[in-house]
There are 2 protein chains.
Amino acid sequence: MAVTMNDVARAAGVSLKTVSNVLNDYEFIRPATRQKVHEAIAELGYEANLTARSLRSGKTRMLGLVLSDLSAPYYAELASKLMKVASGRGYRVLVEQSGATVENETNALQGPFRQLTDGLLFTPLAMEADAVAAGRGNKPVVLLGEHILDPRFDLVTMKNEEAAKVVTAHLLAGGRRRIAVVGVHPEQSEGSGGMRLRGYRKALDEAGIEFDPELLAPCTWRRDEGAAAISALLDRGVTFDAVFGLNDALALGALHELLIRGIEVPKDVAVAGFDDIDEARFASPSLTTVSPGMDEIAERSIGLLIDRIEGLEPTDGGVHVEAGFILKIRESAP
Amino acid sequence: MAVTMNDVARAAGVSLKTVSNVLNDYEFIRPATRQKVHEAIAELGYEANLTARSLRSGKTRMLGLVLSDLSAPYYAELASKLMKVASGRGYRVLVEQSGATVENETNALQGPFRQLTDGLLFTPLAMEADAVAAGRGNKPVVLLGEHILDPRFDLVTMKNEEAAKVVTAHLLAGGRRRIAVVGVHPEQSEGSGGMRLRGYRKALDEAGIEFDPELLAPCTWRRDEGAAAISALLDRGVTFDAVFGLNDALALGALHELLIRGIEVPKDVAVAGFDDIDEARFASPSLTTVSPGMDEIAERSIGLLIDRIEGLEPTDGGVHVEAGFILKIRESAP
DNA sequence: CTGAAAGCGCTTACAG
DNA sequence: CTGAAAGCGCTTACAG
């Protein structure tokens, strides 16, 4: 059927092992032999069978990427970048959507998905740290995001608190005093949301402005929820002169609602977000936000994972990487 | 190391073949035997080795998805849906980004990527029909999109021309007479762009309105290009009372530019797009557009591909599926 | 309904 | 530097 290594070996007049050596770039091969093999490969149009290679070697050269939903802009952009970086190092990325449920996350961590990959880039949103630690098996896992911050794990994350503080300070520097926060999760002090809220509060503290819980608009991190949350705030008669969306989707939802209500942005209310998704640049008005260094996150997380797989990362405990960030000042909060 | 079928066979006191039969739901197995095997599997925590299965059976139960860039909102949403549909039928989706270059598309079609998948969902953007036909090999390929319309291929597409005609007719019904078109490719009569432009012209014809080439704003399909194209049109002094973006990103870019210039939407200029990406609902003003039936596209394309793989689709020639569409009337063109 | 054997196409010790 | 053999863990004919 297909051309096999055996056919190549026969055509080149060498043994199977020699063909394998050539394919795997083994150092000590006589140049003449190497050339004979390469000629036979070219002549026969041989292509290595990846499945057979995987079965024998136990490696698939695929990395798993577990995230809640690929259609979310942030994840779509991240996945795209991760694939490009991985490709540069000879790996593919296989994506699994968890919908942020414990069941699906557990499945991705322990089920057949795991077999198909040499290591996992895992965004835990529902599972707790102990469950992840118990179920991670012995292939490398690198955590992405902030839901779990635990010295047991390799982790690549962004500077949530610090960046949120900088955004908030920027709004304060623009003269804003009552900054509503959209996307707060009531009882959550962990995760991206909790950390960004902490950054917000620190900025207020440093500016000597009292924190007013009235200004918190709780909702899940979806655009329509952001619109609804800001709408509810306005209906309750809460006054504010700025909105900080805990991510861009929320900020854009809020922006939309403000404009519908005839509130001018940034004149009456300034708006800022977090993530710098592509859309932020093209909103009307364009959105002031924080770019959390996605390129760096992609490079470092893939790098760390592959180093673990190939045994190039010597550190014993969890490696913790924090990517840098950049404040993007645009029209919505100049 | 890991638990194998052999271990299960030994524990259950049956042969390897019997375990295989149970795992593959072979009909004629004595219930008692089946149960013994299931008990042994549960007791030992056996999980089938997918790589070994693939090597022997020649099937990976993975589908390849080739598209230009996963970070484009339309593709991200499509990929997310395709994965969910495929998962329901027991397949995974492996994504390959081509960047719309001939080289990468050819690689995805003929290179090692192909080995990893039982069939391909392929969005050709750079390759020509003959090259695809020559290189597709003997595993099933289903084309997505409109760049290649050819009876030799299975194809799932949207009603570009018809839907564009309906959008244009809607603008005309609202009293607009000079409708600019953003995203035209100068010499391209094929592909989504060409077909949508044809729909636009048909609507004009039927309304008895003369076509004015001045109103065509050529650019590639990116948001910033849309903004720049409409800007160029305005700078040239071309007058218009509506804009039809050949996709939503273009329409949103144009919308942004119009608002910046102090042109009121929809009062001065109505704006409509194509795709109904999530963002369209939340733009300010929200965007009138066409929903091209992405759910249906996902269902039908995965269904067709898997039917081909499993030999369930009897048709000899290429099957051509056209998904339905819905006009979404929103604020930008009521 | 079930069994014993072969083999998918590689890589990996083991020799030399 | 290269060879002959074993074996990764399954499924697939072939028997019975």
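What you are looking at is a predicted structure, and each value in this text was computed from that prediction instead of being measured. Chain A is the first sequence line, chain B the second, and so forth, proteins listed ahead of strands; every chain is numbered from 1.
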Which listed nucleotide ([options]) is nearest to the side chain of [X]?
X	options	answer
A:A52	C:dG9, C:dT12, D:dC10	C:dG9
B:T4	C:dT12, D:dG9, C:dT2	D:dG9
B:R53	C:dG9, D:dC10, C:dG3	D:dC10
B:S15	C:dC10, C:dT2, D:dT2	C:dT2
A:V14	D:dC8, C:dC10, D:dG3	D:dG3
B:T18	C:dC1, C:dG3, D:dG9	C:dG3
B:K17	C:dG3, D:dC10, C:dT11	C:dG3
B:L16	C:dT2, D:dG9, D:dT11	D:dT11
A:Y46	D:dT12, C:dC10, D:dG9	C:dC10

Problem - Nucleotide opposite C:dA13 in a Watson-Crick or G-U pair, distances under 3.5 Å - result: none
Problem - For D:dA4, the Watson-Crick or wobble partner whose two distances fall under 3.5 Å - result: none
Which whole-number value in Å describes the distance from [X] [atom1] to [N] [atom2]?
X	N	atom1	atom2	value
A:R61	C:dC10	CZ	C1'	15 Å
A:Q115	D:dG9	CD	P	11 Å
B:L55	D:dT11	CG	P	11 Å
A:L50	C:dC8	CG	P	18 Å
A:M5	D:dA4	CE	P	14 Å
B:N49	C:dG9	CG	C1'	15 Å
B:R10	D:dC10	CZ	C1'	15 Å
A:N24	C:dG9	CG	C1'	13 Å

Is [X] near enough to [N] that one of its side-chain N or O atoms lies under 4.0 angstrom from OP1 or OP2?
X	N	result
B:S20	D:dC10	no
B:T51	D:dG9	no
B:N21	C:dC1	no

Practice task
Write down the atom of A:L94, the atom of B:M62, and the distance for their closest heavy-atom approach.
Solution key: CD1-SD, 4.1 Å
Is it true that [X] and [Y] have a side-chain N and a carboxylate O under 4.0 angstrom from each other?
X	Y	answer
A:D130	A:R152	yes
B:D118	B:K139	no
B:R136	B:D154	no
A:E96	B:R92	yes

Completion exercise
Checking B:L144, B:T123, B:L67 against B:L78 for side-chain contact (heavy atoms from CB on, under 4.5 Å), the one that qualifies is B:L144
Handout entry: Separation of the P atoms in D:dC1 and C:dA13, to the nearest angstrom
Key = 23 Å
Practice task
Select base, sugar-phosphate, or nothing to describe what B:N6 touches, counting heavy atoms under 4.0 Å on all strands.
Solution key: nothing
Exercise for the section: With heavy atoms under 4.0 Å as the rule, sort B:T33 into base, sugar-phosphate or nothing. Expected result: sugar-phosphate
Practice task
Select from B:R34 and B:R56 the residue whose nearest nucleotide in DNA chain C is closer to the 5' end of that strand.
Solution key: B:R34
